[in-house]
Amino acid sequence: MEPMEKNRDFYEKLEKKGVSRRDFMKYCSFLTATMGLSASYVPKVAEVFAAPKQRPPVVWLHFGECTGCTEGVLRSMYPWIDELVLDILDITYHETIMAAAGHQAEENLHNAVKNHAGKFICVVEGSIPTKYEQYGMIGGRSFLEIARDVCPRAAATICIGTCSAFGGIPAASPNPGGYKGIGDALGIKTLNLPGCPTNPVNLVGTVVNYLLMGKLPALDNLGRPLFAYGKTIHDQCPRRSHFENEEFVEEFGSEEAKLGYCLYKVGCKGPETYNNCAVAKFHGGTSWPIQAGHPCMGCSEPNFWDTMTPFYEEM
Ligand code: FSX
Ligand code: SF4
Ligand code: F3S
């Protein structure tokens with residue numbers, strides 16, 4: 001049976017939302033390519049959404065950050081994708097979208113962790129103050145206490161955003177609170193999806209990889225999936241030929257800027273930054289910093305706020 005026939009209900013549901021099968025398959029092709037899989041996987045990726053075999057429970061924690069990563073996922077590229085993501089994940093606890101508050105919320109977290117111990121995925125946003133724990137408290141417990149309680153009991157901890165992966169902006173020098181990323185703060189291995197914010201497609205790709213292959217994707221030595229962070233921005237940049245020809249923008253608003261020349265001299269950190277922004281782009285493939293004429297700030301690299309500044313000066 002054709003997968004589409006088999007999952008008629010799913011496609012009818014999509015069509016009611018005004019999403020054609022063609023649009024959906026286009027998204028699945030884009031996701032499959034982003035995940036570094038061959039086109040033969042497209043029907044299997046579609047099947048993960050159309051007929052989810054398992055919905056891993058997810059506990060989503062917030063620590064020191066701006067919630068930009070959650071905003072990115074919830075306001076995903078296509079308005080219907082967020083619903084599909086919520087269909088393949090069983091989000092049992094998420095501070096931004098849950099209805100519960102106060103003691104009820106605390107109890108929900110406690111129950112989710114207890115009932116799904118060893119099976120849930122813990123997604124973490126934000127970093128943890130380790131010097132002055134009282135800088136971050138929820139329900140009378142410090143971020144550090146909460147993370148120590150929850151993360152080691154998860155099947156895997158996925159750090160979304162540079163803050164939870166590496167410390168990010170809260171850990172910027174002089175870092176009075178002693179903020180650290182989750183792996184560092186707890187001394188555990190985490191899967192890291194850095195970016196400030198992370199491109200939601202990389203979270204979806206990681207989860208779909210897990211549901212499709214039964215395991216997390218291959219990682220580099222900083223815990224980042226190779227499918228997304230295996231190459232530098234510079235290696236995938238459409239302005240690269242201008243770099244090779246030494247055609248540089250020296251000033252914003254100039255003729256060279258209009259011609260789309262290389263942004264290296266106005267501070268582009270693309271040569272030192274590992275991320276897939278050039279191919280994944282943001283907002284449904286609309287654009288990304290360099291396409292919009294802005295240098296890459298290296299937002300997905302450890303300590304970017306310290307090592308990549310000043311942002312508008314040549315490396
Ligand atoms: Fe950090 Fe993400 Fe930057 Fe913000 O959660 S990576 S401050 S976009 O929201 O953590
Ligand atoms: Fe490299 Fe940045 Fe120039 Fe692109 S704009 S070629 S990433 S230096
Ligand atoms: Fe960040 Fe550079 Fe991409 S600033 S969003 S890694 S282009």
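Computed from a prediction, not measured in an experiment: that's the story for all the values here. Atoms within a ligand are numbered from 1 in the order they appear, just like the ligands themselves.
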Under the criterion side-chain contact (heavy atoms from CB on, under 4.5 Å), which of I88, L211, I91 is the partner of P56? L211
Of all protein heavy atoms, the one nearest atom 2 (Fe) of ligand 3 is C296 SG, 2.3 Å
So the atoms of ligand 3 within less than 4.0 Å of a heavy atom of N275 turn out to be 6 (S)
According to the interplanar angle, ranging from 0 to 90°, do the rings of H234 and F243 count as parallel (below 30°), tilted (30 to 60°) or perpendicular (above 60°)? perpendicular
Got a donor-acceptor contact below 3.5 angstrom from the N276 side chain to the V279 backbone? no
Within ligand 1, which atoms have a heavy atom of C163 less than 4.0 Å away? 1 (Fe), 6 (S), 7 (S), 10 (O)
Tell me whether C66 has at least one N, O or S atom under 2.8 Å from atom 4 (Fe) of ligand 1. yes
Those atoms of ligand 3 less than 4.0 Å from some heavy atom in T273: 6 (S)
Check whether any N or O atom of G161, backbone or side chain, sits under 3.5 Å from an N or O atom of ligand 1, and answer yes or no. no
Indicate yes or no: does E12 engage R21 in a salt bridge with an N to O separation below 4.0 Å. no
Those atoms of ligand 3 less than 4.0 Å from some heavy atom in W288: 7 (S)
Examine all N, O or S atoms of C268, backbone included, and report whether one is under 2.8 Å from atom 1 (Fe) of ligand 2. no
Output yes when E250 and K265 qualify as a salt bridge under the 4.0 Å nitrogen-oxygen rule, no when they do not. yes
Salt bridge or not for E255 and K258, using N-O below 4.0 Å? yes
Is the shortest N/O to N/O distance between S164 and ligand 1 below 3.5 Å? no
Ligand-side contact atoms (ligand 1) for residue partner P197, heavy atom cut-off under 4.0 Å: 8 (S)
Got an N, O or S from C299 under 2.8 Å of atom 1 (Fe) of ligand 3? yes
Taking 4.0 angstrom as the limit and counting only heavy atoms of T67, give me the atoms of ligand 1 inside it, by number and element. 9 (O)
What protein heavy atom sits nearest atom 3 (Fe) of ligand 3, and how far off is it? C277 SG, 2.3 Å
Top protein contact for atom 5 (S) of ligand 2, by heavy-atom distance: L263 N, 3.4 Å
Can you tell me which residue and heavy atom of the protein come closest to atom 4 (S) of ligand 3, and the distance to 0.1 Å? M297 N, 3.1 Å
The atoms of ligand 3 lying under 4.0 Å from a heavy atom of G298, numbered in the order shown, are 4 (S)
Counting from 1 in the order shown, the ligand 1 atoms closer than 4.0 Å to a non-hydrogen atom of G195 are 6 (S)
Give the atom numbers and elements of ligand 1 that come within less than 4.0 Å of a heavy atom of T162. 6 (S)
Is it possible for you to check whether K13 lies under 6.0 Å from the centre of the six-membered ring of F10, through NZ or CZ, and within 45° of that ring's axis? no
